[in-house]
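Written out below as structure tokens is the structure these notes cover.
Lettering follows sequence order; numbering is per chain, from 1.
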Number of protein chains: 2
Amino acid sequence: MTMENGTPAEEADVKKSIGPRPRTPIRDQQRLDPSEREAIIAREAVSFFAEHGFEGQTRELAKRLRITQPLLYRYFPSKEALIERVYQEVFVGRWKPSWEKLIADRSVPLKTRLTQFYREYAEVILTYEWIRLFMFAGLKDLGLNARYLKMLRERAFERVIEEIRFEYRRPSTREVPTTVIEIEMVWGLHAAIFYLGVRQFIYSMPLEADVSSIIDAKVTTFLGGIRSVLPAKL
Amino acid sequence: MTMENGTPAEEADVKKSIGPRPRTPIRDQQRLDPSEREAIIAREAVSFFAEHGFEGQTRELAKRLRITQPLLYRYFPSKEALIERVYQEVFVGRWKPSWEKLIADRSVPLKTRLTQFYREYAEVILTYEWIRLFMFAGLKDLGLNARYLKMLRERAFERVIEEIRFEYRRPSTREVPTTVIEIEMVWGLHAAIFYLGVRQFIYSMPLEADVSSIIDAKVTTFLGGIRSVLPAKL
DNA sequence: CTATATATTTATCAATCGATAAATAATCGT
DNA sequence: ACGATTATTTATCGATTGATAAATATATAG
């Protein structure tokens, strides 16, 4: 399996007679545009490190890319830089700024907004790559996860609480800052969603129900629960 | 850092004059009983692999033990065997058979039993070592976690459901097997507890409340929720 | 006190890993 | 068609890693 070239000696000399500009690459695409090659490497690195962790070997990654290992270093100065790129690709690149507007769009009923947000968010993070990379990162160094969760709180969760406050005619978080119990309940909901991914992609325990239904139920329970811990009306 | 002997040249010749049988080891204890040495190695390995993951190097582990690296191989034939011992120590050794009796002890009110079980269980698994080792194991190979969760379901969770059925006068699980929705709710409670550990020991996010209070609240919510999904009375 | 047993260390191997430099080959402009 | 550019490969280095064998030191028996 590891020795295999993987290229059946079949298509090597089929089309080689004339040169009718065979734009479609017959064999492995060679000599790609640097930007294209870099993108391919980054994409495969996401998949690779999600599977093997950051201790995965550059040689094995190169093999999956059908390139040689030193070529990686033409596009990324070090393995660490490649990993940093993976972080960017997954944890930054997959965040949708539209979520921040969605949560605060008061032309839409609150529960609809939250359900939609958590559904879309779940669709992004409940993937093999996202969940495992996040866990690998957390076990390796503390910085990245803390940074991400801080961002998540600031961009999404604080807004969620602000909107719930508004819905139930409570003081804004600018007047009465988010309380511990409020943010704890938001973390709890996030935890429930995140754990769906851990079950699937770390424990290999398939989910019994579809994610959307689970999210809907969790959001409903959440809204019922957090209402009773909001600060008093003005 | 790697060249350092680590032993400040300070205590080397302090006590060496006469030999009044210094039973208390002055320097590092040397030449321990094999059983004692093995236990010490296993204990430190738990802590070490929990911190660094299973890719942690045997030389670094040996340094923490103040022994040389080849000595590890006198007590464990391979690194893999040492890791297997760590598994046994933590995931098997810390399981308390008394829990199985506790859950089924009908001389005690159900809620009391469940609260006590989940409190004790949480006390065991919500440690730096348990949580991180379980996560490292899950990311590495799928076998161990699946085995553990299967054991958890058989020895504890099936009993929990059986007792809840009995409490509310529903058919036994021997007559009406555990339903998907029932076991899902039990997993959900377990997930909530487990995530407390992930937050603390993987994300370094301290908990805002004490674990016991959280457990009590979760168990109460759980009992209220699962009641409505039990199979109908006979 | 001496000899035997063995816990521990020293020395070292072979494989692996990230990384670099030089050689090669494919593409493009002229 | 040809030379220049550069994407890619080949070859290799130095450090690290799990593991083994031989040497050493410590405890115990007789």
Side-chain angles (χ1 to χ4, degrees), chain A residues 2-3 5 7 12 16 19 21-23 25-42 44-45 48-49 52-86 140, chain B residues 1-7 12 16 19 21-42 44-45 48-49 52-86 140:
Chain A
T2 50
M3 308 291 285
N5 194 325
T7 314
K16 200 67 175 296
R21 195 133 352 178
R23 255 314 190 233
I26 297 308
R27 210 188 159 78
D28 299 339
Q29 230 166 1
Q30 284 178 6
R31 205 180 168 82
L32 297 183
D33 247 32
S35 64
E36 191 179 353
R37 176 66 78 192
E38 182 187 312
I40 291 177
I41 291 176
E44 191 69 26
F48 178 77
F49 288 123
H52 296 93
F54 301 120
E55 324 265 353
Q57 308 163 9
T58 56
R59 278 174 177 82
E60 201 180 338
L61 169 60
K63 193 183 292 179
R64 278 171 57 153
L65 282 160
R66 310 262 222 154
I67 62 176
T68 55
Q69 179 245 8
L71 188 58
L72 296 172
Y73 289 85
R74 177 124 187 141
Y75 296 93
F76 297 92
S78 68
K79 183 181 179 181
E80 205 53 43
L82 181 54
I83 291 173
E84 190 60 39
R85 170 64 176 272
V86 167
K140 186 183 163 197
Chain B
M1 172 108 59
T2 49
M3 308 291 286
E4 221 71 65
N5 194 326
T7 314
K16 200 67 175 296
R21 195 131 354 175
R23 252 314 188 229
T24 47
I26 296 308
R27 215 188 155 78
D28 302 335
Q29 227 166 3
Q30 283 177 7
R31 205 179 168 83
L32 296 184
D33 247 31
S35 64
E36 190 180 354
R37 176 67 79 192
E38 183 187 311
I40 291 177
I41 291 176
E44 191 69 27
F48 177 77
F49 287 124
H52 296 94
F54 301 120
E55 324 266 353
Q57 309 161 9
T58 54
R59 277 174 177 80
E60 203 180 335
L61 168 60
K63 193 183 292 178
R64 278 171 57 154
L65 283 160
R66 309 263 225 157
I67 62 175
T68 56
Q69 179 247 5
L71 188 57
L72 297 173
Y73 289 85
R74 177 123 186 141
Y75 295 94
F76 298 94
S78 69
K79 182 181 179 181
E80 205 53 42
L82 181 54
I83 290 173
E84 191 59 41
R85 170 63 177 270
V86 167
K140 185 183 165 199

Are side-chain heavy atoms of [X] and [Y] found at a separation under 4.5 Å?
X: A:Phe49; Y: A:Lys79; answer: yes
X: B:Glu38; Y: B:Arg85; answer: yes
X: B:Leu71; Y: B:Leu65; answer: no
X: A:Ile83; Y: A:Lys140; answer: yes

Figure out the [atom1]/[atom2] separation between [X] and [N], and round it to whole Å.
X: A:Leu71; N: D:dA11; atom1: CG; atom2: P; value: 17 Å
X: B:Glu55; N: C:dT16; atom1: CD; atom2: C1'; value: 13 Å
X: A:Ile67; N: D:dT9; atom1: CD1; atom2: P; value: 7 Å
X: A:Arg37; N: D:dT6; atom1: CZ; atom2: P; value: 17 Å
X: B:Lys79; N: D:dT20; atom1: NZ; atom2: P; value: 14 Å
X: B:Ile40; N: C:dT8; atom1: CD1; atom2: C1'; value: 14 Å
X: A:Leu72; N: D:dT9; atom1: CG; atom2: P; value: 10 Å
X: B:Glu38; N: C:dT8; atom1: CD; atom2: C1'; value: 16 Å

(message) Applying a 4.0 Å non-hydrogen cut-off, can you work out what A:Tyr75 is touching in the nucleic acid: base, sugar-phosphate, or nothing?
(response) sugar-phosphate
(request) Would you classify A:Pro70 as touching base, sugar-phosphate or nothing, given that sugar-phosphate means primed atoms plus P, OP1 and OP2, and contacts are heavy atoms under 4.0 Å? (result) base
Just N and O in the side chain of [X]: are any of them under 4.0 Å from OP1 or OP2 of [N]?
X: B:Arg66; N: C:dT8; result: no
X: B:Thr58; N: D:dG18; result: yes
X: A:Arg74; N: D:dA7; result: yes

(message) Of the listed nucleotides (C:dA25, D:dA19, D:dT9), which one gets closest to any side-chain atom of B:Ser78?
(response) D:dA19
(message) The side chain of B:Arg31 is closest to which nucleotide in this list: D:dA27, D:dA19, C:dG18?
(response) D:dA27
(message) Could you work out, with side chain to side chain donor-acceptor pair (under 3.5 Å) as the rule, every residue matching A:Glu55, not counting sequence neighbours?
(response) none
(message) Using heavy-atom distances to pick each residue's nearest nucleotide on DNA chain C, tell me which of B:Pro34 and B:Gln69 is more 5'.
(response) B:Pro34
(message) Pick the closest DNA chain D nucleotide for B:Asp33 and for B:Arg59 by heavy atoms, then say which residue is nearer the 5' end.
(response) B:Arg59
